Amino acid sequence: MKRITMMLALLVLSLGLYAANVNPIATAFTNGNASALENNMDKEVDLSLPSLTKSCPGSEAIQLLSNFFSANKPSGFTVVHQAEKKTTGFYVGKLSCGQFTYRVNITYKIAGDSILIQSIRIE
């Protein structure tokens, strides 16, 4: 019985090692620092903001997010749910901006040890 318990514990720990680290992205949203996402943007990103929806290059998505953060100063960001399957993943978060709270959905692909954001939806 001890052996089975030990094997299950090692399996769970090893699976956790392969989970993508979304902390830098969460920190960028917490601080309202869109430029910190520069290395995490895919070439093309589907972006949906309360006033705009478009598919654009990652650099343009950063600029549009920067404008959003300027108009809506973040005061906190919490990851509510995260899931991954093979080389893709998503997470849902809550972005607090003054008296408003936005739901944030981010989908990404995993390339090596990097996360490349494919879509950001803020609603």
Side-chain angles (χ1 to χ4, degrees):
M1 187 67 170
K2 265 186 173 178
R3 193 175 202 185
I4 292 173
T5 305
M6 181 64 92
M7 289 177 72
L8 284 173
L10 288 173
L11 178 64
V12 169
L13 286 174
S14 67
L15 289 175
L17 293 176
Y18 291 105
N21 182 9
V22 297
N23 289 339
I25 297 170
T27 300
F29 272 83
T30 299
N31 298 329
N33 184 2
S35 60
L37 299 171
E38 186 173 359
N39 293 330
N40 295 106
M41 289 292 185
D42 206 352
K43 292 176 186 171
E44 194 76 17
V45 176
D46 292 328
L47 182 65
S48 180
L49 301 172
S51 60
L52 168 79
T53 299
K54 75 184 292 186
S55 185
C56 57
S59 57
E60 185 179 350
I62 289 171
Q63 182 59 46
L64 293 168
L65 271 176
S66 225
N67 294 344
F68 174 80
F69 289 146
S70 292
N72 303 279
K73 182 71 176 147
S75 58
F77 182 79
T78 306
V79 176
V80 176
H81 179 71
Q82 178 184 3
E84 291 181 2
K85 185 174 182 181
K86 296 186 181 181
T87 59
T88 61
F90 75 94
Y91 69 92
V92 178
K94 287 185 180 180
L95 177 65
S96 300
C97 298
Q99 54 185 256
F100 297 105
T101 300
Y102 295 96
R103 179 182 171 98
V104 178
N105 296 300
I106 297 176
T107 59
Y108 56 87
K109 67 181 176 183
I110 302 167
D113 57 351
S114 299
I115 293 176
L116 295 176
I117 297 172
Q118 295 181 307
S119 71
I120 299 173
R121 177 197 241 142
I122 300 175
E123 39 189 30

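Bear in mind that the values here come from a model prediction, so they are computed numbers and not experimental data.
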Is the shortest side-chain heavy-atom distance between Q118 and T107 below 4.5 Å? yes
Give the C-alpha distance, both sets of side-chain angles, the deciding distance and a yes or no for side chain to side chain donor-acceptor pair (under 3.5 Å) between S35 and N33. CA-CA 6 Å; S35 60; N33 184 2; 2.8 Å; yes
Just one of I122, V79, T78 clears the side-chain contact (heavy atoms from CB on, under 4.5 Å) bar with F29, so which one? I122
Pairwise distance OG(S114) to CG(N39) - rounded to 0.5 angstrom: 8.0 Å
To the nearest 0.5 Å, what is the distance between CE on M41 and CG on L47? 7.5 Å
Minimal non-hydrogen separation, I110 against E84, with atom names: CD1-OE1, 3.7 Å
Does either side chain, that of E123 or that of S48, offer a donor lying less than 3.5 Å from an acceptor on the other one? no
Do you know which of V80, I25, L95 makes side-chain contact (heavy atoms from CB on, under 4.5 Å) with V104? L95
Check whether more than 12 heavy atoms from other residues, nucleotides or ligands sit under 6.0 Å from atom CD of E44, and answer yes or no. yes
Quick check: is F100 connected to V92 through a chain of hydrophobic side chains (ILVMFWY, heavy atoms under 4.5 Å apart)? no
How close do P74 and C97 get, counting heavy atoms only, and between which atoms? CA-SG, 3.9 Å
When rounded to the nearest 0.5 angstrom, what is the spacing between CD1 in I117 and CG in L65? 8.0 Å
Please find the pair of heavy atoms, one from K94 and one from T101, that lie closest to each other, and give the distance. CB-CG2, 4.2 Å
Go through the steps for K109 and T87 under the test side-chain contact (heavy atoms from CB on, under 4.5 Å), then give the verdict. CA-CA 6 Å; K109 67 181 176 183; T87 59; 5.7 Å; no
V45, L49, L64, D46 screened by side-chain contact (heavy atoms from CB on, under 4.5 Å) with K54, the one that passes: L64
In this structure, CG of N67 is separated from CG of N72 (nearest 0.5 Å) by 10.5 Å
Look at the rings of F77 and Y91 and say which category their plane angle falls in: under 30° parallel, 30 to 60° tilted, over 60° perpendicular. perpendicular
Could you check whether any side-chain N or O of S75 sits under 3.5 Å from a backbone N or O of S96, counting only pairs where one atom can act as donor and the other as acceptor? yes
D42 CG to Y108 OH distance, which is reported to the nearest 0.5 Å: 14.0 Å
Looking at side-chain heavy atoms only, is the closest gap between F68 and P50 below 4.5 Å? yes
Of all the heavy-atom pairs spanning A28 and F69, show the shortest one and how long it is. O-CE1, 4.5 Å
